[in-house]
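Only one structure is covered here, and it is reproduced in the block below.
Chain A is the first sequence line, chain B the second, and so forth, proteins listed ahead of strands; every chain is numbered from 1. Values in this document were obtained by computation on a predicted structure and should not be read as measured data.
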Number of protein chains: 2
Amino acid sequence: MDEDNSKAKARNYRVTSFDVAAEAGVSQSTVSRALAGDPVVSEATRLRVAEAARRLNYSVDENAARLRTGKTGTLAVVVICRPDEDRKDLNPFTYSLLGTICAAASVRGYETLVSFQDGPQNLSGRYEERRKADGLILIGTTQNLDAWNYYRDLGQSGMKLVCWGSPFDDLEWIRSDNHAGAVLATDHLINAGFRQIVCIGSENSLQRQFKERYDGYCEAIHAAGLTPALIEIEEGLSREEQGRRAVRALKASGQPFDAIFAVCDELALGVLRELTETGTRIPQDCGLIGFDGIRASAHAMPPLSSIQPDFTAAGAMLVDKLLAVIAGKAHEQRRVPVSLLARESTRRS
Amino acid sequence: MDEDNSKAKARNYRVTSFDVAAEAGVSQSTVSRALAGDPVVSEATRLRVAEAARRLNYSVDENAARLRTGKTGTLAVVVICRPDEDRKDLNPFTYSLLGTICAAASVRGYETLVSFQDGPQNLSGRYEERRKADGLILIGTTQNLDAWNYYRDLGQSGMKLVCWGSPFDDLEWIRSDNHAGAVLATDHLINAGFRQIVCIGSENSLQRQFKERYDGYCEAIHAAGLTPALIEIEEGLSREEQGRRAVRALKASGQPFDAIFAVCDELALGVLRELTETGTRIPQDCGLIGFDGIRASAHAMPPLSSIQPDFTAAGAMLVDKLLAVIAGKAHEQRRVPVSLLARESTRRS
DNA sequence: CTGAAAGCGCTTACAG
DNA sequence: CTGAAAGCGCTTACAG
């Protein structure tokens with residue numbers, strides 16, 4: 001501890017560009033230009049400065065640079081949580097997206113300031129005003145409407161903001177190609193030989209993607225000359241519980257079914273559990289496919305077929321759209337391509 | 001788009017503390033003090049300034065404040081990935097930890113700068129030098145040794161750094177109470193009536209926690225008058241594949257077993273899959289418990305018993321230890337408490 | 001309790 | 001190609 005203290009004191013003096021300038025025998029402005037890679041400085045000088053900086057273990061103070069340039073080189077990522085939700089229990093889909101956003105930002109030379117927000121005392125998106133970030137990416141649950149209204153207002157007032165799957169059309173958004181994905185899922189069931197395919201999902205949810213997926217399902221069902229059927233999920237429950245209850249409602253309805261398309265994986269996991277526990281075997285008695293491609297669906301028994309968005313593309317598109325908004329340019333891309341993950345739960349033997 | 005442009009131009013002029021000063025009829029220094037809540041300013045003045053700031057929609061430019069104070073109010077969180085690993089496929093345990101770290105930092109008034117790092121071109125922890133963060137929290141896989149060596153060097157050279165489950169003792173670390181957790185898991189199996197309990201794990205892995213868990217297992221086994229047995233996992237594979245192969249090795253060995261303690265959940269999921277596919281029923285033919293409490297284990301069929309660290313405590317301890325390191329204070333806590341998640345995979349009926 | 005002034009460490013016109 | 005100087009927007013001794 002004591003040695004550390006003396007070390008800490010030695011580090012208290014900060015090496016600045018003036019020190020490097022003295023060391024290299026040039027002016028401070030030249031140091032700044034050389035280190036920034038300004039092509040106007042001669043190669044010889046650039047090397048001399050770089051060498052001096054290395055010797056002194058110098059790094060640019062990016063706070064000072066930012067103050068001068070007005071740019072932060074940082075993007076804020078806000079993850080909206082349910083008010084009562086533990087931070088560790090977030091939807092894994094959200095976490096995957098967070099990972100690819102940070103990766104995409106990094107590749108483009110930006111840092112990412114991440115925060116998890118839920119209640120009103122917790123909502124704060126004024127990163128631009130406080131000069132902490134150049135713009136903001138919003139992801140997370142659509143079920144926290146207060147939070148989305150807060151950010152909608154900020155978006156209206158000119159804040160640079162893009163989001164994943166917004167419940168509102170007046171924000172800049174990116175989403176999975178839900179329609180195409182639902183067609184893919186439904187066609188997959190049809191091709192496997194299933195005929196009485198029920199959709200467990202919603203026409204009215206704030207989750208716009210649920211409606212989009214239901215529409216895609218209907219289109220594929222009609223194209224095959226079959227009849228669509230929807231079990232609407234109950235609001236205000238966990239996805240797993242919604243899935244369980246939808247199965248009970250389906251069974252109680254007497255409606256015949258040989259396969260289920262659940263509009264998200266967490267729903268599908270509840271469906272799977274309820275069916276299995278009540279003696280319906282997957283896929284022998286009932287085929288099942290979800291949507292989102294979360295890891296848990298691969299670990300389910302049997303492994304659950306799903307539709308997976310290209311997460312890497314999703315992160316890149318969110319970052320690129322935000323950078324376009326910041327630059328005041330147009331950015332038309334909105335839909336992330338999806339693909340089929342065919343696993344055992346849809347294998348008709 | 002055109003309306004937005006004019007708006008953007010109008011916002012181009014930045015409101016500063018001087019503008020607020022003029023509006024409130026006080027000096028700029030008073031504005032700074034009033035907004036910082038300095039108790040020396042009179043209540044009347046403070047209110048007048050706050051009102052003026054609100055009218056002008058003013059926010060402190062935190063870059064400027066930081067330049068002046070030398071503090072960033074930011075903690076860097078670096079997630080170490082495997083070099084070949086997709087950002088979206090990270091261990092869910094890591095993501096849960098990331099969530100609770102960000103939450104704990106936020107409660108303590110700090111922002112979190114998050115980055116995912118893998119290869120050498122990608123490693124950069126010099127947040128302090130560049131004045132981007134006051135310190136760094138390191139989490140993620142222990143399997144990327146290059147990355148850990150890089151950060152070990154930074155830690156040695158005085159950087160403020162704490163990590164989760166370091167492979168090195170000379171860094172400041174926090175870990176689950178692995179010994180107690182393993183005892184909990186093993187006693188749980190013993191109490192359920194299992195007697196031939198095999199551990200699938202490692203004595204030599206860089207993952208120190210694997211050894212700690214194995215030791216806890218041995219202690220509980222010996223205390224019950226039973227005989228321990230370890231199947232050592234093979235290096236360089238995915239955890240799931242390691243689990244599968246360990247089961248094959250176990251079966252090939254002819255060693256009798258009626259339960260398995262897998263030292264992490266991802267391993268346990270591979271074990272579960274291999275056993276189920278080869279006709280061994282869980283828990284009727286073999287009990288199974290993992291460690292880490294990841295979500296996928298709850299969704300497995302049957303749901304997998306596990307040992308769960310208190311993630312909220314883990315995030316808080318990491319942040320508190322880092323803040324202690326930054327302040328030059330001692331912080332003794334290192335072990336995160338764990339608890340048993342008893343599910344079907346250990347239910348002996 | 002309040003104000004005038006210095007200075008944090010850069011970048012970037014402006015000269016040469 | 002390089003240097004001297006201004007200034008980004010704050011906080012905080014120093015006076016009063």
Side-chain angles (χ1 to χ4, degrees), chain A residues 11-50 52-53 56-74 126-134, chain B residues 11-50 52-53 56-74 126-134:
Chain A
R11 303 175 96 252
N12 239 353
Y13 170 75
R14 186 177 169 84
V15 179
T16 72
S17 50
F18 284 91
D19 300 313
V20 178
E23 176 82 8
V26 296
S27 75
Q28 182 268 338
S29 1
T30 298
V31 170
S32 177
R33 290 193 194 98
L35 263 30
D38 189 329
V40 86
V41 305
S42 74
E43 184 61 10
T45 318
R46 203 190 57 69
L47 279 171
R48 200 141 41 92
V49 170
L56 299 182
N57 197 21
Y58 169 78
S59 303
V60 168
D61 181 330
E62 307 208 10
N63 272 313
R66 287 173 178 199
L67 177 57
R68 188 49 235 239
T69 62
K71 297 186 182 330
T72 69
T74 301
R126 311 195 66 210
Y127 291 96
E128 268 177 76
E129 287 87 340
R130 298 183 299 142
R131 284 274 164 94
K132 298 205 117 180
D134 298 334
Chain B
R11 304 175 94 249
N12 238 352
Y13 170 74
R14 187 177 169 83
V15 179
T16 72
S17 50
F18 284 90
D19 300 313
V20 178
E23 176 82 10
V26 296
S27 75
Q28 182 268 339
S29 0
T30 298
V31 170
S32 177
R33 290 194 194 96
L35 263 29
D38 189 329
V40 85
V41 304
S42 74
E43 183 62 10
T45 318
R46 205 190 56 68
L47 279 171
R48 199 142 41 92
V49 170
L56 299 181
N57 196 23
Y58 169 79
S59 304
V60 169
D61 180 329
E62 306 209 9
N63 271 313
R66 288 173 178 197
L67 177 57
R68 188 48 235 240
T69 61
K71 297 188 182 330
T72 69
T74 302
R126 313 194 65 211
Y127 292 96
E128 268 177 77
E129 287 86 341
R130 299 185 296 141
R131 285 275 164 95
K132 299 205 114 178
D134 298 335

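B:Thr30 OG1 to B:Arg46 CZ: the interatomic distance, rounded to the nearest 0.5 Å, is 13.5 Å. The structure places OG1 of B:Thr69 at 9.5 Å from CD of B:Glu62, a figure rounded to the nearest 0.5 Å.
Closest contact between the side chain of B:Arg68 and the listed nucleotides C:dC10, C:dA6, C:dT2 involves C:dA6. Checking D:dT11, D:dG9, C:dT11 against every side-chain atom of A:Leu67, the shortest atom distance belongs to D:dG9. Listed candidates were C:dG9, D:dT2, C:dC10. Nearest to the side chain of A:Ser42 is D:dT2. Across C:dG9, D:dC10, C:dT12, the shortest atom-to-atom separation from the side chain of A:Asp61 is found for C:dG9. Among D:dT2, C:dG3, C:dG9, the nucleotide with an atom closest to any side-chain atom of A:Thr45 is D:dT2.
Here the side chain of B:Arg66 pairs a donor or acceptor atom with the backbone of B:Thr72 at under 3.5 angstrom. Not a single donor-acceptor pair under 3.5 Å links the side chain of B:Arg130 to the backbone N or O of A:Ser59.
D:dA13 is unpaired under the criterion used here, namely a Watson-Crick or G-U wobble arrangement in which both key atom distances are under 3.5 Å. If you check C:dA4 for Watson-Crick or wobble pairing at under 3.5 angstrom, you find it has no partner at all.
For D:dT2, the OP1/OP2 oxygens have no side-chain nitrogen or oxygen of A:Thr30 closer than 4.0 Å.
Looking at heavy-atom distances under 4.0 Å, B:Val41 makes contact with sugar-phosphate atoms alone, never a base.
As rounded to the nearest Å, D:dG16 and D:dT12 have C1' atoms that lie 16 Å from one another. As rounded to the nearest Å, D:dC10 and D:dC14 have P atoms that lie 23 Å from one another.
Heavy-atom nearest nucleotides on DNA chain C were determined for B:Arg48 and for A:Ala36, and the one closer to the 5' end corresponds to B:Arg48.
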Under 3.5 Å, which N/O atoms of the protein pair with N/O atoms of nucleotides 13-16 of chain D?
residue: D:dA13; atom: N6; partner: B:Arg33; partner atom: NH2; Å: 2.6

